[in-house]
Amino acid sequence: MPHGKTERFRPSDTLQVREFTVTLYARFAAHLDSILDGMEERGQLPAALDRRAIAIEPPRDASHGDMAINAAMVLAKPAKTNPRALAELLVAELEKLDEVESVAIAGPGFLNLTLTRATWEAELNAIQAAGEDFGRSDLGAGLRVNVEYVSANPTGPMHMGHCRGAVVGDALATLLAYTGHQVTREYYVNDAGGQVQVLGRSAHVRYREALGETVEVPEGLYPGDYLVPVGQALAKEFGDRYVGAPEAEWLALFRTRAVAAMMDMIRDDLALLGIHHDLFSSEAQLQAAGKPEEAEATLRARDLIYDGVLEKPKGQADEEWEPVELPLFRSTQFGDDQDRPIKKSDGTWTYFGADMAYHYQKAATADQLIDIWGADHAGTVKRITAAVAALTGGKVPLDVKLIQMVRLLRDGEPVKMSKRSGNFVTLAEVVQEVGKDVVRFTMLTRKPDAQMDFDFAKVVEASKDNPVFYVQYAHARISSLGRRAAETFGELPAVDLSHLGTDEIALVKAAANFPRIVESAAKNREPHRVAFYLYDLAAAFHAWWNMGNDDPAKRVIVAEAPEVSAARLYLGRAVGQIIRNGLMLMGVAALTEMT
RNA sequence: GCGCCCGUAGCUCAGCUGGAUAGAGCACUCGCCUUCUAAGCGAGCGGUCACUGGUUCGAAUCCAGUCGGGCGCACCA
């Protein structure tokens with residue numbers, strides 16, 4: 001396998017065999033395991049203790065050293081000893097490790113390790129050697145993960161309500177690919193329900209308009225002028241053939257054409273955000289292929305679907321309520337409020353009935369399913385997770401990630417949106433106004449289950465208040481260092497890391513934490529953690545940089561000291577590499593200069 | 001009424017699935033700009049982690065309940 005030239009990172013590219021840098025923390029986990037094994041053999045510990053609660057992590061307070069281990073506290077009770085005694089035994093073993101400078105017992109029984117300087121210098125070299133693969137891992141072990149996100153109804157352009165889920169889903173997919181999962185990015189096209197019928201009728205109105213009629217879009221149809229070109233295309237293709245024709249003659253055709261046009265538009269909108277799905281699955285095709293019937297048969301065989309009558313909804317005055325017998329899924333067995341119909345009384349599938357089959361289909365080629373949904377669909381999570389569990393025998397877990405609402409603000413005032421009037425803020429408008437990178441980064445600066453404000457003024461502000469700018473600025477500064485070093489020195493001397501001081505080593509430690517962040521973000525499926533980490537790393541870098549303001553000898557480029565400059569530049573570039581890697585996971589470009 | 005999410009500094013939010021003295025930005029106070037990009041920097045002030053119980057060596061984190069806010073409660077999608 002050719003080494004040397006780094007190959008370009010592609011989000012969905014995970015199958016190649018790669019060599020991964022074994023991370024510092026993974027090494028110590030292995031060290032600790034063998035130490036504990038040895039203690040078991042010598043009878044210092046009972047055999048087969050549960051080690052899962054043992055954590056090796058950086059201490060919150062740097063004065064506690066580089067690494068904290070809670071093993072003595074976790075194991076003391078099952079080992080029927082006290083944390084202190086166990087800690088003493090562990091200290092003796094840990095001190096034998098080459099990478100360990102010293103070990104202290106602190107607090108209720110923490111083992112605080114201080115690592116040797118050589119260890120941190122090696123970490124810095126590891127970052128440089130691994131480049132864009134520093135942080136990449138085989139955590140997922142090739143597990144096939146299907147991430148379904150966006151899946152906006154094909155009835156109009158993308159609006160800002162779709163944006164957050166799109167970005168979070170995309171970043172999550174990238175993150176999973178980077179951590180060794182085999183990822184499929186999927187979009188479910190809801191082209192079979194009543195809404196696309198309405199779309200077809202709306203297109204017919206625009207079709208008549210294109211043929212010269214003066215039309216008014218009737219109440220209940222889609223008024224947006226994005227259907228005008230669709231009508232024009234239909235007019236050009238079919239002439240006036242369907243003007244006075246009964247709906248049955250043209251509706252299916254117009255619906256199909258309109259959906260295709262809407263999907264083209266949506267794909268373009270998504271491309272503006274750098275989002276490209278691997279697979280678009282059609283609900284209509286799913287139904288035509290008889291998939292819902294298959295799913296129904298499977299569930300009926302397990303007595304999870306029965307024909308029954310739903311109870312009258314409580315607390316609502318509804319004279320229209322009539323008891324009807326429908327095929328119902330026993331979602332109450334899984335904690336849902338009521339059993340859910342999979343078909344309507346007219347015999348067509350409910351959304352849930354088709355969606356259940358759709359997930360069944362996805363599960364056939366995946367080990368895990370992830371859905372990114374808006375929080376307004378929270379009420380339907382139980383029924384679908386229950387159905388997937390039943391259909392797959394629990395073998396393919398479904399994780400539904402709910403994304404909370406985004407409130408758009410302009411000058412501190414909420415921007416009003418109304419889908420019905422067609423008056424909504426489109427994704428394309430926002431991307432055009434503030435830029436792809438700002439939109440993506442901002443959407444990832446809040447955990448998904450918290451609501452969020454998106455203020456047009458604040459997100460483009462060039463100041464420290466704005467994390468997008470702050471992180472980009474750090475990267476741009478690092479890029480400018482390279483240019484300036486070339487101007488100042490031409491050729492730099494070989495890098496000698498002994499020129500780095502404790503401030504610099506502290507920065508190495510911050511940068512070396514990146515793989516842990518990536519791993520935890522992937523495990524928890526929370527890409528926002530990368531954004532917060534990058535902000536912290538950028539802050540550490542800026543602080544280092546600013547030391548040069550007070551003391552010129554602490555600047556990165558010191559004209560009189562090329563050896564020192566070379567070492568500091570090497571460190572700066574490593575930090576830049578980490579920022580690039582993190583931004584790449586977020587789908588955000590790393591700027592080489594601020595404009 | 002029921003379900004899900006949220007409640008952490010005056011404000012906006014983190015808190016790495018149970019760890020040590022709960023963190024960052026803004027705001028406020030004090031001190032710093034003839035710059036390797038001050039598009040800021042350093043220091044300080046500021047908390048009953050909504051409340052009450054429980055679980056254990058140890059809780060902002062897990063469990064139960066209460067209060068407050070958001071979203072949802074069709075055979076819709």
Side-chain angles (χ1 to χ4, degrees), chain A residues 53 55 57-61 64 68 70 73-74 76-77 82-83 106-110 112 151 153 155 190 192-196 283 310 313-316 318 320-321 324 326 328 335-338 340-355 374-382 402 404-405 445-453 455 458 461-467 469-470 473 476-477 480-481 484-485 487-488 513 516-517 519-521 523-524 526 528-529 531-533 535-536 539 542-543 545-550 552 554-559 565 568 593-594:
Chain A
E57 46 191 17
R60 196 168 300 164
D61 187 337
H64 292 146
N70 65 355
M73 291 181 293
V74 170
K77 196 173 187 183
N82 66 72
F110 283 102
N112 289 338
S151 298
N153 284 331
T155 54
N190 297 125
Q195 293 193 4
V196 289
E283 183 186 1
L310 280 177
K314 291 171 206 156
Q316 286 178 26
D318 42 7
E320 297 165 24
W321 167 257
V324 185
L326 294 168
L328 301 175
D336 205 351
D337 298 341
Q338 57 172 301
R340 303 293 173 174
I342 60 166
K343 277 185 180 176
K344 307 177 209 168
S345 50
D346 67 1
T348 61
W349 297 98
T350 61
Y351 183 83
F352 169 62
D355 201 31
D376 51 342
H377 291 81
T380 64
V381 173
K382 271 181 185 164
L402 295 177
Q404 292 292 331
M405 305 285 137
T445 53
R446 197 121 314 173
K447 58 183 173 191
D449 42 16
Q451 291 168 51
M452 161 176 194
D453 287 348
D455 191 313
K458 284 188 181 165
E461 191 175 295
S463 78
K464 192 181 176 179
D465 311 2
N466 183 355
F469 167 80
Y470 198 60
Y473 189 31
R477 273 184 161 171
S480 84
L481 281 176
R484 191 166 297 270
E487 290 166 17
T488 309
N513 207 25
R516 276 189 88 246
I517 300 297
E519 186 179 320
S520 78
K523 276 184 179 166
N524 294 286
E526 292 182 347
H528 74 276
R529 293 185 189 201
F532 282 98
Y533 167 78
Y535 182 83
D536 289 342
H542 286 307
W545 170 286
N546 284 318
M547 282 193 270
N549 284 337
D550 296 331
K554 290 191 170 173
R555 294 179 180 179
V556 178
I557 308 290
V558 183
S565 301
R568 289 179 183 169
E593 54 191 324
M594 307 303 285

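Chain identifiers are assigned alphabetically (A, B, ...) following the order of the sequence lines, protein sequences preceding nucleic acid strands; residue numbering begins at 1 within each chain.
A donor-acceptor contact shorter than 3.5 Å is absent between the side chain of Arg446(A) and the backbone of Gln451(A). Remark: side-chain polar atoms of Asn546(A) are paired, donor with acceptor, to backbone N or O of His542(A) under 3.5 angstrom. In this structure, the side chain of Asp346(A) engages the main chain of Thr348(A) through a donor-acceptor pair within 3.5 Å. Side-chain N or O atoms of Asn70(A) include one that pairs as donor or acceptor with a backbone N or O of Ala55(A) at under 3.5 Å. Judged by distance alone, the side chain of Thr350(A) and the main-chain N or O of Lys344(A) form no donor-acceptor pair under 3.5 Å. In this structure a side-chain-to-backbone donor-acceptor pair under 3.5 Å is missing from Asp336(A) to Lys382(A).
Contact annotation for Tyr535(A): backbone-only contact, meaning every heavy-atom pair under 4.0 Å involves sugar-phosphate atoms and none involves a base. Contacts of Ala68(A) with the nucleic acid, taken as non-hydrogen atoms under 4.0 Å apart, include base atoms. Heavy atoms of Gly194(A) sit under 4.0 angstrom from primed sugar atoms or phosphate atoms, though from no base atom. Among the atoms of the strands shown, base atoms are found under 4.0 Å from some heavy atom of Pro108(A). In this structure, Thr380(A) reaches the bases: a heavy-atom distance under 4.0 Å links it to at least one base atom across the strands shown.
Across every strand in view, C13(B) sits in a pair with G23(B) that passes the Watson-Crick or G-U test at under 3.5 angstrom. Taking a pair to require two hydrogen-bonding distances under 3.5 Å in either a Watson-Crick or a G-U wobble arrangement, G18(B) remains unpaired. C73(B) and G1(B) make up a base pair, with Watson-Crick or G-U wobble contacts both under 3.5 Å. Using the Watson-Crick or G-U wobble rule with both distances under 3.5 Å, G42(B) pairs with C30(B). G68(B): Watson-Crick or G-U partner is C6(B), with both key distances under 3.5 Å.
The listed nucleotides are C4(B), U35(B), A14(B); the one nearest the side chain of Lys382(A) is C4(B). Comparing U12(B), A39(B), C76(B) by their nearest atom to the side chain of Arg446(A) picks out U12(B). Residue Leu310(A) has its side chain nearest to C75(B) when only C75(B), U56(B), A20(B) are considered. Taking only side-chain atoms of Phe110(A), from C-beta outward, the nucleotide of A77(B), A20(B), C16(B) with the closest atom is A20(B). Comparing G19(B), A20(B), A24(B) by their nearest atom to the side chain of Pro59(A) picks out A20(B). Looking at the side chain of Ala378(A), the nearest of the listed nucleotides C4(B), A38(B), A20(B) is C4(B). Checking G3(B), U56(B), C5(B) against every side-chain atom of Asp449(A), the shortest atom distance belongs to C5(B). Ranking A14(B), U35(B), C41(B) by closeness to the Asn546(A) side chain, first place goes to C41(B). For Leu326(A), the side-chain atoms get nearest to C75(B) when compared with the rest of G19(B), U17(B), C75(B). Comparing A38(B), A20(B), C5(B) by their nearest atom to the side chain of Arg477(A) picks out A38(B).
Comparing Gly379(A) and Ala106(A), the nucleotide of RNA chain B nearest to each residue sits closer to the 5' end for Ala106(A). Map Leu402(A) and Leu481(A) each onto its nearest nucleotide of RNA chain B; the residue landing nearer the 5' end is Leu402(A).
Between the C1' atom of G23(B) and the CG atom of Asp536(A) lies a distance of 9 Å, rounded to the nearest Å. When the P atom of G3(B) is taken as reference, atom CG of Asp376(A) falls 20 Å away, rounded to whole Å. To the nearest angstrom, P of U17(B) lies 14 Å from NZ of Lys447(A). If you take NE2 of His377(A) and C1' of A74(B), they are 13 Å apart, rounded to a whole angstrom. Between the CG atom of Asp453(A) and the P atom of U12(B) there is a distance of 9 Å, given to the nearest Å. Computed from coordinates, the Tyr470(A) OH to A38(B) P distance equals 13 Å when rounded to whole Å. To the nearest angstrom, P of C16(B) lies 14 Å from CG of Asn70(A). As a whole-Å value, the separation of Asp337(A) CG from A74(B) C1' is 14 Å.
Rounded to a whole angstrom, the distance from the P atom of A9(B) to that of C76(B) is 42 Å. Taking atom C1' on both nucleotides, G46(B) is separated from C4(B) by 34 Å, rounded to a whole Å. Nucleotides A64(B) and U55(B) place their P atoms 15 Å apart, quoted to the nearest Å. Rounded to whole Å, the separation between the C1' atoms of G19(B) and C62(B) comes to 14 Å. Separating the C1' atom of A20(B) from that of C2(B) is a span of 42 Å, rounded to the nearest Å. To the nearest whole angstrom, the two C1' atoms, one in G44(B) and one in A24(B), are 16 Å apart. If you take atom C1' in G70(B) and the same atom in G31(B), they sit 44 Å apart, rounded to whole Å. For A59(B) and C51(B), the P atoms lie 15 Å apart once the distance is rounded to whole Å.
In this structure, CG on Leu326(A) lies 6.5 Å from CG on Leu310(A), to the nearest 0.5 angstrom.
Taking 4.0 angstrom as the limit, Lys458(A) places none of its side-chain polar atoms (N or O) nearer than this to OP1 or OP2 of C11(B). In this structure, Trp349(A) does not reach the C75(B) phosphate: none of its side-chain N or O atoms is under 4.0 Å from OP1 or OP2. Contact annotation: Lys77(A) side-chain N/O to C57(B) OP1/OP2 distance is under 4.0 Å.
Using cut-offs of 30° and 60° on the angle between ring planes, the pair Phe469(A) and Tyr473(A) is parallel.
For the residue pair Val196(A) and Asn190(A), the shortest heavy atom distance occurs at CG1-O, 3.5 Å.
Interface remark: the Asp355(A) side chain does not form any donor-acceptor pair with the A77(B) base, using a distance-only criterion of under 3.5 Å. Side-chain atoms of Thr350(A) and base atoms of C75(B) include no donor and acceptor less than 3.5 Å apart. Under 3.5 Å, the side chain of Arg516(A) and the base of C16(B) form at least one donor-acceptor pair of N or O atoms.
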